[in-house]
Amino acid sequence: MKDITFSRRVALLGAAALPWIRAVKGQAKPKSVVISSANRNNGGVNCCAKAMEIIKGGGDTLDAVIAGVNIVELDPRDNSVGYGGLPNEDGVVELDASCMHGPSRRGGAVGALRNIKTPSKVAQKVLAETDHMMLVGEGALRFAKAAGFKEEDLLTEESRIQWLVWKRQMRDKNGHTNWESGIDAPPAAKKIGELKRLFPQADEALLEEALRNAANPPHGTINCIALNEKGEMSAVTTTSGLAWKIPGRCGDSPIIGGGLWLDQDVGGAGSTGRGEENLRVCGAHTVVENMRLGMSPKEAALDALKRVARNFDNDEKRLQAVDLNFYALRKDGEYAGASLWGTRNGRGPQFAVSTGDRESHHENCVYLFERK
Ligand code: ASP
């Protein structure tokens, strides 16, 4: 068949060709880009720097993003990911992770995995060595052990104290808790002093955080997406999920299409934040499909957040309780971080970026609503 020229194709296809044209234009000059959520202790910046180092050394994009998030999984100070993550309501750390490899168009995931510090690596094994997509719970642990992963206790002393503070804060309508002597228990331990007496080994900052986290169960995650100069892409999401969750709860992070999606022809997206609300809009897949239809990464992510807001009838008061962020990287190297909420000073939360020609750094997310 005779090849038709680019401009002739455009003329023939008209407006319907626009997304396709953008994608083709975007694919012309790929450059190396890695983005991730920000995370504590410079976790996101370190993750992107590591992934970029591997990409520049000629490594595969999936190996690169996995090595990047491993830094955060192994850091006990990040209590939302991997080792040191806040536990479920039984005091057991349960981890979720998923990954996608663009060139082979394969995915792998694990859910509610216990006792293994790096669930992202187990997800990569599922992708590389099985014809399954997702393993959960006991089966995922057995698979990991068979693959040579070491079983370890993931609960750090800091996370154990936070879990105990949460349990102590659970009171009946009379203010009674099982953890104090007698039915005439004193009021909830709101003052740090009382907690200091109970946990003399803990510093004040930890106890203050524990009190905040008891009242508002926190969640956190790292998502990382990479593109190399050949235009190859991969992505990973890994988390300890929602603190104090019911054992067995999986959020969006291990759900391929929810907390992570990548299409080698278009780009990738991932999320951090309240997983249940993301799953109701199949967020990461929605963001990538939006980009396929011609939206920029910023527009694509904001559109997915608008769908979340729509599920709450755009009622900002009810939405206050929801935190959700998307990260999107298109195949031409354009990227964005987008958040449901901006901060009071008119800035979005941050995300991490490494473009190869610039040191790994933070940039601001765009956002939908501003906290009053
Ligand atoms: N998305 C994760 C979950 O719902 C938690 C988070 O990112 O904050 O499990």
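All residue numbers in this chain count up from 1 along the given sequence. Read the numbers this way: they start at 1 and go in the same order the structure lists the ligands and their atoms. Everything quoted here is computed from the prediction, not taken from an experiment.
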Please list, in number order, the atoms of ligand 1 under 4.0 Å from a heavy atom of Asp252. 1 (N), 2 (C), 3 (C), 4 (O)

So if I count the atoms of ligand 1 from 1 in the order they appear, which ones are less than 4.0 Å from some heavy atom of Gly241? 9 (O)

Any heavy atom of Lys245 under 4.0 Å from ligand 1? The part involved is neither

Is it true that Tyr367 and Trp341 have ring centroids separated by less than 6.0 Å? no

May I ask you to check whether Thr221 has an N/O atom sitting below 3.5 Å from an N/O atom of ligand 1? yes

From Gly273, Gly275, Ser253 - option closest to atom 1 (N) of ligand 1 by heavy atom: Gly273

Looking only at heavy atoms, what is the nearest atom pair of Ser240 and Leu86, with distance? OG-N, 3.9 Å

Distance-only side-chain donor-acceptor flag, Gln350 / Asn364, under 3.5 Å: yes

Could you tell me if Tyr327 and Thr272 have a donor-acceptor pair between their side chains, going purely by distance under 3.5 Å? yes

Using only heavy-atom distances, determine whether the side chains of Ser120 and Asn70 contain a donor-acceptor pair under 3.5 Å. yes

Min heavy-atom dist Gly220 to ligand 1 below 4.0 Å: yes

Give the atom numbers and elements of ligand 1 that come within less than 4.0 Å of a heavy atom of Thr272. 7 (O)

